A.B. asks: 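Okay, handing you the structure first.
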Amino acid sequence: MNRVCIFLIYASLSFGQDPRIAVPPKFEVATIKPSPPNQTACGMNPAPGGERYVAACLPLRMVIWVAHWVKPTQVIGGPAWLDTDAYDIVGLASRPSNIDELHLMMQSLLTDRFGLRFHHETKEMPVYVLTLDRNGPKNLKQQEPANGSDLKIDYERDGLRRKWNAKFAPIAFFAWRLSQFMDRPIIDQTGLKGNYTFDLAFSDEPPLRALGNTDAPPSVEATGATIFEALRDQLGLKLERRTGPVDVIVIDQAQRPTEN
């Protein structure tokens, strides 16, 4: 599917159709339509005001991994159309809702309209573990969002240089968003609760060096801090390579959506 996906993704710590959630909330009204074949602006985000959750031109598997805060490789199984059929999904809540409520409503919609059923498995695999540096966190301003659409992370990129501006973001959410740009899942073990606003600037590793070629010369562009150095120096966080347990979502059943 040749689409350029521009992600404005927001999520919560909730895990949707977890069997421990007795009666998950639901949207009052929801529409699901196949995306037009020429649609290019794709993403998933709550609309301002906290009354709508919108996914645009996304295949179901992508909606699942976004909703569950995992990397794409952590959602396995299911029919082939999960990767090829793109949908526009709009859920309307009966009242302004916070991000946790909207997130659970989207999970309910996937269960009800796509007949989604899955189970969790745990596998040992390479991970990054995010912890506090020995001197503790810094430059993290704790702020609570007014509604679901306040939580966001904006990005700027200039060559290999990146600048991130997080607003009202839980550290676990930030760790998940960062993992989408890295080669393995990130497990948050900072113990930091609440929502934070902060800035982070770093440089990507040049491609040859990132692939393990230590003899490759550093890029002129990559003169800034690496992500490991930036987390330590700017936020007081430490990112380490380890092997650890990773949650994997195994799709047991999915059906093309019912009519609106």
Side-chain angles (χ1 to χ4, degrees), residues 1-12 14-18 21 23-119 147-155 173 176-177 180 249-260:
M1 181 167 49
N2 296 321
R3 287 184 171 87
V4 177
C5 292
I6 304 173
F7 281 100
L8 302 173
I9 301 174
Y10 309 79
S12 77
S14 307
F15 279 90
Q17 297 305 306
D18 190 305
I21 301 173
V23 183
K26 298 185 178 184
F27 291 117
E28 184 175 49
V29 178
T31 60
I32 303 174
K33 298 179 180 179
S35 300
N38 59 346
Q39 189 170 340
T40 57
C42 306
M44 180 173 168
N45 64 287
E51 294 183 288
R52 290 189 302 139
Y53 205 157
V54 180
C57 73
L58 297 183
L60 180 59
R61 190 181 304 277
M62 192 172 291
V63 177
I64 294 169
W65 64 255
V66 169
H68 285 269
W69 275 14
V70 297
K71 289 178 71 65
T73 54
Q74 291 172 256
V75 179
I76 62 176
W81 61 264
L82 265 64
D83 300 292
T84 58
D85 292 12
Y87 293 96
D88 292 342
I89 303 172
V90 178
L92 179 64
S94 60
R95 57 174 175 76
S97 304
N98 61 38
I99 187 62
D100 293 291
E101 294 169 324
L102 291 172
H103 184 71
L104 290 174
M105 291 176 196
M106 179 61 76
Q107 290 290 325
S108 295
L109 183 150
L110 297 181
T111 297
D112 295 342
R113 301 289 292 276
F114 287 91
L116 182 64
R117 301 291 185 272
F118 58 85
H119 68 275
N147 58 64
S149 59
D150 285 346
L151 191 162
K152 58 185 175 180
I153 298 179
D154 295 324
Y155 312 90
F173 173 72
W176 172 72
R177 290 299 293 123
Q180 305 307 305
I249 296 173
V250 183
I251 305 300
D252 300 312
Q253 174 184 304
Q255 303 168 354
R256 286 185 168 90
T258 55
E259 295 295 327
N260 294 316

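Quick caveat: nothing in here was measured; it's all calculated off a predicted structure. Start at 1 with the first residue, then count along the sequence.
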A.B. asks: If you take all heavy atoms of His68 and Phe118, which pair is closest and at what distance?
C.D. replies: CE1-CZ, 3.6 Å
A.B. asks: Can you name the nearest heavy-atom pair linking Ala93 to Met105, along with the distance?
C.D. replies: CB-SD, 3.9 Å
A.B. asks: Test side-chain contact (heavy atoms from CB on, under 4.5 Å) on Lys152 and Asn45 and set out the steps.
C.D. replies: CA-CA 9 Å; Lys152 58 185 175 180; Asn45 64 287; over 6 Å; no
A.B. asks: Could you work out, with side chain to side chain donor-acceptor pair (under 3.5 Å) as the rule, every residue matching Arg61, not counting sequence neighbours?
C.D. replies: Asp83
A.B. asks: Which pairs pass ring-ring contact (aromatic ring centres under 6.0 Å, His included) with one or both residues in residues 28-49, sequence neighbours excluded?
C.D. replies: none
A.B. asks: If you measure from CG on Leu109 to CD1 on Ile32, what distance do you get to the nearest 0.5 Å?
C.D. replies: 4.5 Å
A.B. asks: Which residues pass the ring pair (Phe, Tyr, Trp, His ring centres under 6.0 Å) test with Phe114, sequence neighbours left out?
C.D. replies: Tyr87
A.B. asks: With rounding to the nearest 0.5 angstrom, report the CZ to OH distance, Arg177 to Tyr155.
C.D. replies: 3.0 Å
A.B. asks: Would you give me the side-chain donor-acceptor pairs under 3.5 Å for residues 70-82, sequence neighbours excluded?
C.D. replies:
{"from": "Lys71", "atom 1": "NZ", "to": "Ser179", "atom 2": "O", "distance (Å)": "2.6"}
{"from": "Lys71", "atom 1": "NZ", "to": "Met182", "atom 2": "O", "distance (Å)": "3.0"}
{"from": "Gln74", "atom 1": "OE1", "to": "Lys71", "atom 2": "N", "distance (Å)": "2.9"}
{"from": "Gln74", "atom 1": "NE2", "to": "Asp247", "atom 2": "O", "distance (Å)": "2.7"}

A.B. asks: For Thr31 and Val29, indicate whether the former's side chain and the latter's backbone hold a donor-acceptor pair under 3.5 Å.
C.D. replies: no
A.B. asks: Considering non-hydrogen atoms only, spot the tightest contact between Gln253 and Gly115 and give its length.
C.D. replies: NE2-O, 3.1 Å
A.B. asks: On a heavy-atom basis, which atom in Pro59 and which in Thr84 lie closest, and how many Å separate them?
C.D. replies: CB-N, 4.4 Å
A.B. asks: Taking the side chain from Asp88 and the backbone from Ala56, do they hold a donor-acceptor pair closer than 3.5 Å?
C.D. replies: no
A.B. asks: Looking only at heavy atoms, which two atoms of Leu58 and Gly43 are closest? And how far apart?
C.D. replies: CD1-O, 3.6 Å
A.B. asks: Could you pull out all residues at least two apart from Arg117 that satisfy side chain to side chain donor-acceptor pair (under 3.5 Å)?
C.D. replies: none
A.B. asks: Using the test salt bridge (Lys or Arg N to Asp or Glu O under 4.0 Å), find all partners of Asp112 that sit at least two apart in sequence or belong to another chain.
C.D. replies: Lys26
A.B. asks: From Trp65 CH2 over to Ile249 CD1, what is the distance, rounded to the nearest 0.5 angstrom?
C.D. replies: 12.0 Å
A.B. asks: Taking the inter-plane angle between the rings of Trp69 and Trp176 on a 0 to 90° scale, is it parallel (under 30°), tilted (30 to 60°) or perpendicular (over 60°)?
C.D. replies: parallel
A.B. asks: Could you report the tightest heavy-atom contact between Glu101 and Pro25, atom names first, then the distance?
C.D. replies: O-CG, 4.0 Å
A.B. asks: Does Val54 have any side chain to side chain contact (heavy atoms under 4.5 Å, CB included) partners at least two apart in sequence or in another chain, and if so, which?
C.D. replies: Arg52, Val90
A.B. asks: Hey, what do you get for CG (Asp85) to CG (Leu60), rounding to the nearest 0.5 Å?
C.D. replies: 9.5 Å
